[in-house]
**Student:** 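For reference, the structure I am asking about is given below.
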Amino acid sequence: MNLDEAQSKVKNRKLYLATLASVLGPMSFGFVLGYSSPAIPELTKIEDSRLRLDDNQASWFGSIVTVGAALGGLIGGWMVEKIGRKVSLMLCALPFVSGFTIIIAAQNVWMFYVGRILTGLASGITSLVVPVYISEMAHEKVRGTLGSCVQLMVVIGIMGAYLGGLFMDWRWLAICCSIPPTLLMVFMSFMPETPRFLLSQGKRREAVESLRFLRGPDAPVEWECARIEEACDEQGSKFQLSDLKDPGVYKPLVIGIMLMIFQQMSGINAIMFYAENIFEQAHFKQSDLASVIVGLIQVVFTGVAALIMDKAGRKVLLIISGVAMAISTTAFGVYFYLMSLLPEPHGDLAWMALASIAVFITGFALGWGPIPWLVMSEIFPVKVRGVASAVCVLTNWSIAFVVTKNFQDMMNLLTSAGTFWLFASMCILNVIFTMVFVPETKGKTLEQIEATFRGMSGP
């Protein structure tokens with residue numbers, strides 16, 4: 001029996017349902033990331049002196065989430081292996097909701113911090129578990145599209161927080177932000193555990209039932225089950241440190257880590273974080289509305305990426321994306337450089353800044369936004385998936401923390417122009433890296449991808 005024959009009998013409806021339930025996680029974490037943008041301006045001007053944030057506290061309020069998320073990545077890597085993908089996801093809802101509850105009930109600035117760390121922790125666990133859950137459930141025809149939904153829901157969440165911030169104060173916004181994680185917990189309880197995790201636990205009967213649920217009544221689930229088992233048996237069961245000598249482990253691990261470093265070093269968080277300030281400098285009257293427009297661009301183009309992911313392939317999109325980001329960050333640098341030469345800011349230059357932002361965000365959304373998370377969930381062998389994904393998530397969030405916390409200092413040290421040219425050089429490097437090292441994973445089963453790294457042709 002070959003792949004195409006098997007594909008023809010598959011019904012995707014339940015698979016889409018399970019994906020929809022799980023991507024409420026990334027949506028919750030979009031709300032966490034977007035929350036600080038409307039909340040910080042309010043909390044710096046608030047009457048109640050116990051809750052008022054000064055500049056330093058505001059920068060911590062924004063960036064401490066990434067500290068929680070880095071921790072969450074580590075815990076998540078342990079959880080997916082120990083208690084499974086599904087239960088880990090359901091448990092994520094607890095720190096999300098309790099974190100927002102603490103923010104709602106805050107009596108002092110420290111309660112804000114605790115709430116932000118908890119929601120960050122949940123975000124870190126989610127950003128690890130959901131890509132793994134989806135890639136282990138989906139089949140190769142739709143894996144790219146479903147995997148890209150993770151980033152799509154993150155940007156929809158960010159956008160939701162921006163939009164909510166136009167109409168609600170920070171307390172009501174926090175209440176609204178706790179709705180998606182609550183739904184996540186409810187809906188996930190009806191969804192199956194992934195077949196690959198069940199097989200790795202030796203629960204064959206449950207794995208077949210899970211596949212039957214995901215693939216529909218007529219699909220050849222026994223055949224698919226046998227194929228996954230074959231790959232599991234080949235590699236043994238538990239992860240040991242000696243596995244790092246295996247090219248099937250260290251090659252994908254290095255690629256995963258580099259993708260995460262490049263994603264954060266492209267300057268995306270710095271640009272998103274300071275979008276409002278940038279718009280104010282460009283004399284955009286309604287800078288909060290401008291942020292919503294930025295959010296919209298991101299949602300639209302992440303959606304486009306999701307639709308073409310399994311047609312165009314990951315590699316092409318990463319290259320196009322990297323080139324667009326390199327051009328726009330270079331232009332941004334030029335904009336700041338010209339601004340520093342002119343005595344008073346020039347109106348025409350403002351449009352250069354806005355165009356740069358638009359191109360940058362379009363580029364990021366098409367490739368470097370969704371793809372590192374997608375590829376991370378595809379390239380690791382089952383037994384190291386938890387550990388390796390944890391290392392990647394930890395890397396991503398640690399670098400996000402360093403970049404957002406030190407962005408202001410970088411601007412002072414290297415000048416604004418220099419900072420953006422540094423980002424541009426990173427984007428050029430990421431294009432070269434992609435061309436040389438990143439393998440194309442579209443249309444391959446997870447077992448075939450694993451085999452390419454081992455240097456043999458897979459089943």
Side-chain angles (χ1 to χ4, degrees), residues 1-28 80 83-93 126 128-154 156 180-201 203-229 231-232 303 306-307 309-311 370 373-374 377-378 382 385 441-447:
M1 182 154 203
N2 66 13
L3 265 179
D4 294 331
E5 277 175 61
Q7 293 297 337
S8 63
K9 297 185 179 143
V10 169
K11 299 271 184 296
N12 288 329
R13 217 184 76 223
K14 295 262 183 62
L15 171 64
Y16 294 159
L17 258 179
T19 304
L20 205 71
S22 65
V23 289
L24 285 165
M27 188 183 192
S28 313
V80 274
I83 59 177
R85 284 58 163 148
K86 172 184 163 171
V87 183
S88 304
L89 242 184
M90 288 170 67
L91 289 180
C92 271
T126 311
L128 182 140
V129 180
V130 179
V132 170
Y133 182 70
I134 292 176
S135 78
E136 290 194 349
M137 281 193 317
H139 50 86
E140 46 287 352
K141 277 272 194 332
V142 293
R143 198 180 57 232
T145 295
L146 297 182
S148 306
C149 288
V150 174
Q151 182 73 10
L152 180 61
M153 291 308 266
V154 172
I156 288 177
T182 315
L183 293 176
L184 169 74
M185 194 161 194
V186 175
F187 290 150
M188 277 309 293
S189 56
F190 298 106
M191 297 303 150
E193 178 52 88
T194 71
R196 284 180 175 83
F197 176 74
L198 291 169
L199 280 174
S200 72
Q201 299 296 300
K203 299 181 179 164
R204 188 180 163 130
R205 198 173 51 80
E206 286 95 325
V208 173
E209 275 167 30
S210 163
L211 272 173
R212 176 116 26 245
F213 175 89
L214 294 167
R215 301 281 184 264
D218 312 326
V221 286
E222 282 292 339
W223 173 77
E224 187 171 350
C225 210
R227 246 183 27 184
I228 299 171
E229 260 177 328
C232 285
L307 289 175
M309 188 65 63
D310 284 312
K311 305 265 188 302
W373 297 108
L374 171 63
S377 70
E378 295 179 323
V382 169
R385 205 164 278 154
T441 56
K442 82 166 173 192
K444 294 183 181 164
T445 65
L446 297 182
E447 287 71 33

**Student:** What are the two closest non-hydrogen atoms of T126 and P26, and how far apart are they?
**Tutor:** CG2-N, 3.5 Å
**Student:** Report the distance from atom CD1 of I156 to atom CD of Q151, rounding to the nearest 0.5 Å.
**Tutor:** 11.0 Å
**Student:** Can you confirm whether K442 is buried at NZ, in the sense that more than 12 heavy atoms of other residues, nucleotides or ligands lie under 6.0 Å from that atom?
**Tutor:**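 Enclosed: over 12 neighbouring heavy atoms sit under 6.0 Å from NZ of K442.
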**Student:** Out of curiosity, L446 CG to R196 CZ, how far, rounded to the nearest 0.5 Å?
**Tutor:** 4.0 Å
**Student:** Distance from L91 atom CG to I83 atom CD1, nearest 0.5 Å?
**Tutor:**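 With rounding to 0.5 Å, CG (L91) is 5.0 Å from CD1 (I83).
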**Student:** How far apart are the closest heavy atoms of V10 and A219, and which atoms are they?
**Tutor:**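 That would be CG2-CB, 4.1 Å.
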**Student:** On a heavy-atom basis, which atom in P370 and which in M309 lie closest, and how many Å separate them?
**Tutor:** CG-CE, 4.4 Å
**Student:** Evaluate E229 against R204 for salt bridge (charged side-chain N to carboxylate O under 4.0 Å, His left out), listing each step before the verdict.
**Tutor:** CA-CA 9 Å; E229 260 177 328; R204 188 180 163 130; 2.6 Å; yes
**Student:** Any side-chain heavy atom of V142 sitting closer than 4.5 Å to one from Y16?
**Tutor:**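 V142 vs Y16: side chains touch.
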**Student:** Determine whether S148 and L374 make a side-chain contact, defined as any pair of heavy atoms from C-beta on separated by less than 4.5 Å.
**Tutor:**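 They are in side-chain contact.
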**Student:** I need the minimum non-hydrogen distance between T194 and S210, along with the two atoms involved.
**Tutor:** C-OG, 4.3 Å
**Student:** At what distance, to the nearest 0.5 angstrom, does CD1 of I228 lie from CD of E136?
**Tutor:** 8.5 Å
**Student:** First locate atom CZ of R85, then atom CG of L128, and finally report the distance between them rounded to the nearest 0.5 Å.
**Tutor:**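 Answer rounded to 0.5 Å: 9.0 Å.
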**Student:** Could you report the tightest heavy-atom contact between S22 and Y133, atom names first, then the distance?
**Tutor:** CB-CD2, 3.6 Å
**Student:** In residues 180-192, what donor-acceptor pairs under 3.5 Å come from side-chain atoms, sequence neighbours left out?
**Tutor:**
from : atom 1 : to   : atom 2 : distance (Å)
T182 : OG1    : S178 : O      : 2.6
S189 : OG     : V186 : O      : 2.5

**Student:** Any heavy-atom pair between the side chains of S377 and I134 that's under 4.5 Å?
**Tutor:**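 They are not in side-chain contact.
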**Student:** About how many Å separate CZ of R212 and SG of C225, when rounded to the nearest 0.5 Å?
**Tutor:**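 It comes to 10.0 Å.
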**Student:** For S200 and V382, which heavy atoms make the closest approach, and how far apart are they?
**Tutor:** CB-CG1, 4.1 Å
**Student:** Measure from the side-chain N and O atoms of D310 to the backbone N and O of T145, and report whether any donor-acceptor pair falls under 3.5 Å.
**Tutor:**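 Yes.
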**Student:** Among residues at least two apart in sequence or on other chains, which ones pass side-chain hydrogen bond (donor to acceptor under 3.5 Å, both in side chains) with E378?
**Tutor:**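 So E378 forms a side-chain hydrogen bond (donor to acceptor under 3.5 Å, both in side chains) with R143, R314, T441.
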